Peer 1: 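One structure is given below, represented as structure tokens, and several questions about it will come after.
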Amino acid sequence: MAFWTVFLCTLVASLLGGLYLLGVFRRRRPNEPPLDKGIIPWLGYALDFRKDSSGFLSKMQRKHGDIFTVLIGGYYFTFVMDPSCFGAIVKESRSKLDFLTFSAKLVLQVFGYKSDKNINSALHAFNTKHLMGEGLSLLTQATMDNFQKLMLFKLSSGEEKRPWQEAGLFHFCYNIVFRAGYLALYGTESHQGTGNKEKAHEQDLIHSNQLYTEFRKYDRLFPRLAYAVLPPKDKVEAERLKRFFWNALSVTKSSQKENVSRWISEQDQFLAESGVPDYMRDRFKFMMLWASQGNTGPTSFWLLLYLMKNPEAMKAVKGEIEKVLREHGQEVKPGSPPINITRDMLAQTPFLDSAVEETLRLVAAPILIRAVLQDVSLKMSGGTEYTLRKGDRLALFPHLSVQMNPEIHPEPHEFKYDRFVNPDGTKKDFYKNGKRLKYFNMPWGAGVSICPGRFFATAEIKLFVSLMLTHYDLELVNDKEEIPAIDSSRWGFGTMQPVHDVQFRYRQRV
Ligand code: HEM
């Protein structure tokens, strides 16, 4: 009898526990945002969210308004779509809204990197030192040198025209920008041993191209890897690719490189001094490769495509670059050396800046996530105050709530190269309901996790596009071709990618 009582109690307790975990008992409390658990226990809206996050969130916003809590794969996410309270969220103390809890899980899953809170905080100093300020000039110059190596081939006579070549624009931009960025950050082949500079240079071209090819394979698997929904065959491939990168960027291989950026070398040295084992340092470098190279190439593609589809924008941006070059005594003509664009010169291009920002507005779509460590209260612009529940996650999707919001950016689907600049070159202000907004474009995230590479990324994109416009003749193979749609399986992972490539022709001028 006693046995059956214990058995039944255990069974009931397990059943209740199971139902609790599936979210069956969760109810909306007073002052909490509307709660929507969907119809599938535990999974909730995971399938809809993964298929097309933007479409799903847009539907939820229409149904519930500017704040709502949804169940996605066992977690309750509260999405806040009202930009006027982003400031309060971003500034909330880390003891209440924490970025690291969520990101630590993700980076372990996708890069095999086990992060440590103290080390993470200490690494921020290297970002400030080398990706901003003085360090940025060095990196910009290194990137410029590598772009020249990859893109500009000297003609012996300086007279005859090179033939037209055809390629996929997305592939072309991603390939070149990835390789220039990779070589600038992770260093070039050492020629100390052989003394043969040409051979080392040749090796850099081959090696960086191989790395790009493997990177793209990983890139394609990335969203499903992050959602942990890869089928077994792709899982094996993802593991192979991880190992490939850990090995290619390993401590042993890096020691044979020269010109390694101080951003990479000093972070690595710090990890070593903090007692992080070699194999984990390799994984860290893979994570940095992903962070630094996964978005810049795709953004350059979109910018170049938007310019090629908008003659007025192309004329303004090209004219601006040529003017800056002229003012610095540089000209693109037969026999002249390739142009050299410095960080100072990049500071004199307000229309190109605006075109970059406009491109990011259209195609950069991160989802910013914080773990709610204590109950938090949040006041919306309409005055209603909500309580976010401890244990849930808070999420922002600025692409929908800010960047494509017609109240902030009229005709949000249009590319307007000068959207962010006044005719006199100063930056424009943006408003919603008559109130000036601080957060009107958020491609880089915000607050503690804001992208530390944003200035470098902008410099890379501007260098690449400037070189393409000044040294190459460019045309679309079919100039009537529409701009391809965005691949909706990648929302939330930074810059979006197109559903297909666009063929173009290019020819180096001189
Ligand atoms: C167009 C190019 C880029 C875009 C759109 C972009 C976007 C972002 C975003 C949205 C985040 C924050 C993610 C979050 O809050 O969860 C981020 C983080 C980060 N980005 Fe970028 N990024 C770009 C280029 C770069 C480059 C070139 C570098 C380095 C050279 C870089 C380094 C990083 C690092 C290290 C983090 C992690 C920061 C942390 O965990 O605190 N990014 N990036």
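Numbering of ligands and ligand atoms starts at 1, following listing order. For this chain, numbers begin at 1 and follow the sequence in order. The shown structure was predicted, so the numbers you read here are calculated from the model rather than taken from an experiment.
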Peer 1: Counting non-hydrogen protein atoms only, what is the nearest one to atom 2 (C) of ligand 1? Give residue, atom name and distance.
Peer 2: N295 CB, 3.4 Å
Peer 1: Check the angle between the aromatic planes of H399 and W491 and answer parallel, tilted or perpendicular using the 30° and 60° thresholds.
Peer 2: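 H399 and W491: tilted rings.
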Peer 1: Do R179 and N175 have side-chain N/O donor and acceptor atoms under 3.5 Å apart?
Peer 2: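 A pair is found: one side chain offers a donor N or O, the other an acceptor, under 3.5 Å apart.
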Peer 1: Taking only heavy atoms of W263 into account, list the atoms of ligand 1 that are under 4.0 Å away from them.
Peer 2: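 Listed by number with element, the hits are 29 (C), 30 (C).
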Peer 1: Hey, what's the ring geometry for F351 with Y417, parallel, tilted or perpendicular (30° and 60° as the breaks)?
Peer 2: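 Plane angle between 30° and 60°, so tilted.
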Peer 1: When you measure from atom 29 (C) of ligand 1 to every protein heavy atom, which one gives the shortest distance, and what is it?
Peer 2: S292 CB, 3.5 Å
Peer 1: Please check if the distance between the ring centroids of F245 and W290 is under 6.0 Å.
Peer 2: no
Peer 1: What about the rings of F420 and H409, do their centers lie closer together than 6.0 Å?
Peer 2: yes
Peer 1: So which heavy atom on L139 is nearest to which on S261, and how close?
Peer 2: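 Closest approach of L139 to S261, heavy atoms only: CD2-CB, 3.9 Å.
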Peer 1: Under 4.0 angstrom from ligand 1, any heavy atom of P452?
Peer 2: yes
Peer 1: Relative to atom 7 (C) of ligand 1, which among G445, P443, S300, G494 owns the nearest non-hydrogen atom?
Peer 2: P443
Peer 1: Of all the atoms in ligand 1, which lie at a distance below 4.0 Å from a heavy atom belonging to E460?
Peer 2: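 Contacts of ligand 1 toward E460, numbered from 1: 27 (C).
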Peer 1: Give the single entry among G492, C451, G181 that approaches atom 23 (C) of ligand 1 most closely by any heavy atom.
Peer 2: C451
Peer 1: Output the list of atoms in ligand 1 that are nearer than 4.0 Å to some heavy atom of P366, sorted by atom number.
Peer 2: 10 (C)
Peer 1: Would you say the ring centroid of Y218 lies under 6.0 angstrom from that of F244?
Peer 2: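 No: the rings miss the under 6.0 Å criterion.
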Peer 1: Check each atom of ligand 1 against the heavy atoms of T299 and keep those under 4.0 Å away; list them by number with element.
Peer 2: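 Once the distances to T299 are compared, the set is 1 (C).
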Peer 1: With heavy atoms of L368 as the reference, note each atom of ligand 1 found under 4.0 Å away.
Peer 2: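 Contacts of ligand 1 toward L368, numbered from 1: 15 (O).
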Peer 1: What residue and atom, counting heavy atoms only, is the protein's closest point to atom 31 (C) of ligand 1, and at what distance?
Peer 2: A291 O, 3.6 Å
Peer 1: Among all protein heavy atoms, pick the one closest to atom 39 (C) of ligand 1 and tell me residue, atom and distance.
Peer 2: F99 CE2, 4.1 Å
Peer 1: With atoms numbered from 1 as shown, which atoms in ligand 1 lie under 4.0 angstrom from a non-hydrogen atom of A457?
Peer 2: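 Those atoms are 2 (C), 24 (C), 27 (C).
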Peer 1: Applying a 4.0 Å heavy-atom criterion (strictly less than), which segment of H124 is in contact with ligand 1: side chain, backbone, both, or neither?
Peer 2: side chain
Peer 1: Ignoring hydrogens and geometry beyond distance, is a side-chain donor-acceptor pair present between T387 and D375 at under 3.5 Å?
Peer 2: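 No, D375 and T387 have no side-chain donor paired with an acceptor closer than 3.5 Å.
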Peer 1: Atoms of ligand 1 less than 4.0 Å from T495 heavy atoms?
Peer 2: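 Near T495, meaning under 4.0 Å from one of its heavy atoms, ligand 1 has 5 (C).
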Peer 1: In terms of relative ring orientation, are F172 and Y472 parallel, tilted or perpendicular, with 30° and 60° separating the classes?
Peer 2: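 Perpendicular.
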Peer 1: Between F49 and F79, how do the two ring planes meet: parallel, tilted or perpendicular, split at 30° and 60°?
Peer 2: tilted
Peer 1: When the ring planes of F270 and F126 are compared, do they come out parallel, tilted or perpendicular, using 30° and 60° as the limits?
Peer 2: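 Tilted: the ring planes of F270 and F126 meet at 30° to 60°.
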Peer 1: Pick, from F456, W444, F102, the option with the minimum heavy-atom distance to atom 9 (C) of ligand 1.
Peer 2: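 Going through F456, W444, F102 one by one, W444 has the nearest heavy atom to atom 9 (C) of ligand 1.
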Peer 1: Checking contacts here: is it the side chain or the backbone of R454 that comes within 4.0 Å of ligand 1, counting heavy atoms only? Could be both or neither.
Peer 2: neither
Peer 1: Could you tell me whether S449 approaches ligand 1 through its side chain, its backbone, both or neither, with non-hydrogen atoms closer than 4.0 Å?
Peer 2: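 Both the backbone and the side chain of S449 come within reach of ligand 1.
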